[in-house]
Amino acid sequence: MPLKIYNSLTRQKEVFEPINAPYVGMYVCGPTVSGESHLGHARPFITFDVVYRYLLHKGYKVRYVRNITDAGHFEEEGKVAEDKIATKAILEKLEPMELVQKYTNLYHWAMTQFNNLPPSIEPTATGHIVEQIEMIKKIMADGYAYESNGSVYFDVVKYNDDYSKKNQPYGILSGRNIEEQLDTTRDLENQEEKKNKVDFALWKKAPIEHIMRWQSPWGEGFPGWHIECSAMATKYLGKQFDLHGGGMDLQFPHHECEIAQSTVCNHQMPARYWMHNNMITINGRKMGKSYNNVIKLSELFEGNHAELTQAYAPMTVRFFILQSQYRGTLDFSNEALQASEKALRRFMEGYEWLQAQSFSNDTVSKDEALATQLTTWVKELELFMDDDINTAKVVANLFEILPSINSLKDKHIAQDAVAGSVWNLVQTQLKVFVESILGLKVDKGANRQQLNGVVELLIEIRKQAKANKDFATSDKIRNQLAAMGIQLKDEKDGSMSYSF
RNA sequence: GGUCCUGUGGCCGAGUGGCUAGGCAGAGCUCUGCAAAAGCUUCUACAGCGGUUCGAAUCCGCUCGGGACCUCCA
């Protein structure tokens, strides 16, 4: 089965065919490091991490480029246009690059917590000013951009007129048409500098108070809102690459502008497949800066926020996100996170037990129906991933398989009910999908060796107490450990296990 | 105002024409010194109205509700 993905550009699921298989070029819009990442940001990074992992699983050689926006974007703050990062730097009395470094570090820390693989290249906007200026010059030379008062704007109307004839009008990705845009776009400052209301900035003249500024053919300034992604994607992935990802809220104007800029420069649609993840909502609303309803990742991990009744482990959050399909909205609630936490713990206990077993390939299934069912569930995992990365269905199948694993463990089903070869298949495939593709791992506390020793000792004492029918002592040990968050379980074979 | 998406059981969330999604919570049972865990069983659904169809949560229309984008936003 080939991999199919939903292409926002064509609004349908398409078979994924790389331009130069087995090589795949993939670009994902990264964070603006002017603040700390929040739960909403986690979704694209986890979603596209899974896409990346799955492409690798499929045998592709992937170059995954995810940028860091550290130049700050143009922002309307009162009447004065200022660089977002520069503005905050003044407030916090920090150097802009110190601020950038601080939030970049926090972002990397969060990515590690989520067990996201690092991208192949993580370029920064400030590191590619030259490339951006060159690209702007090229667009101007082709007549699709003009200078006005030290700033450079992209001529959207001219682009639309010319490229509509080539079946690539402005708005091709977002489904907007420019006539409506011209009527409905709100008034922004510097409108008088632009030929058309819909034109967007490629280069902005820096006001005096602006800290981040670079020399350019048009005077001192800073790059516009969208040019960095076009410049860096072109540099590292070529004029046309396979996959472009990002949040749905970037579809317009960011990705639309990227398409226009890159198409003028490179004479082709920059990416063939555009994937957009949907938003995480909270109380039915998109989580976003504009709504003042964000939960930062550090708050989430520490439980330090008014909306949170407890802390949630990074893996819980990852699992929560993977339990839904990436194209639908996902509603945050404590109840939902708690459900994910419990489900993940239950699954991982069974999963870890299974991974510790070894099975002989020589045995034959006594329960053919169950063996067939298990095999089917396992084989479906790949089909579900092939169908537009449907992690929700993958997770559902993991929970179809889990009761059989626990039944084997608790001897509810016989050791020889299912052939060893089938269990081997379940074991190896689960490892592939759970760890390599979904990127889930067991949250193990660092260096618990001493603690483990203590717990083992208490278990020994409790065993003796139980053997002597001294239930007062055995219950005391169990209850007090439980109060400290350590669960003891009496297993069927008389042994005891524990989990944190 | 324009463009588009969406409404599934207590909560989260799959599913796009006929087949139990799944998780969490609730109930019962098994196991068990008790408990927990686990297993088994089980109750709550497809916003409303109309249409198409042998058959619709799934397609079409209308009504009502929610949301996103149009401005930096994952």
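What you see below is based on every heavy atom in this structure, not just the backbone, and it leaves out hydrogens, waters and symmetry mates. Residue numbers begin at 1 in each chain, while the letters A, B, ... track the order of the sequences. Predicted model only: the values in this text are computed from it and were never measured.
- Residue N406(A) places at least one side-chain N or O under 4.0 Å from the OP1 or OP2 atom of rG39(B).
- Proximity of R327(A) to the phosphate of rG13(B): no side-chain N or O atom is located under 4.0 Å from OP1 or OP2.
- Per the stacking criterion (ring centres < 5.5 Å, plane angle < 30°), F399(A) does not stack onto the base of rG23(B).
- Taking only side-chain atoms of K286(A), from C-beta outward, the nucleotide of rC12(B), rA25(B), rC73(B) with the closest atom is rC73(B).
- To the nearest angstrom, C1' of rA74(B) lies 7 Å from NE2 of H38(A).
- Across rA47(B) and rA57(B), the matching C1' atoms stand 11 Å from one another, rounded to whole Å.
- Put simply, R346(A) has a side-chain N or O that comes within less than 4.0 Å of OP1 or OP2 on rC24(B).
- Within the structure, a side-chain polar atom (N or O) of N390(A) is placed less than 4.0 Å from OP1 or OP2 of rG15(B).
- Donor-acceptor pairing under 3.5 Å is lacking for the side chains of E122(A) and Y64(A).
- Close to rA74(B), at under 4.0 Å from its OP1 or OP2, lies no side-chain N or O of Y326(A).
- Neither OP1 nor OP2 of rC69(B) sits under 4.0 Å from any side-chain N or O of R176(A).
- Residue S290(A) is in base contact, counting any heavy-atom pair closer than 4.0 Å across all strands shown.
- To the nearest whole angstrom, the two P atoms, one in rA56(B) and one in rG17(B), are 14 Å apart.
- Taking the C1' atoms as reference points, rU71(B) lies 39 Å from rG10(B), given to the whole Å.
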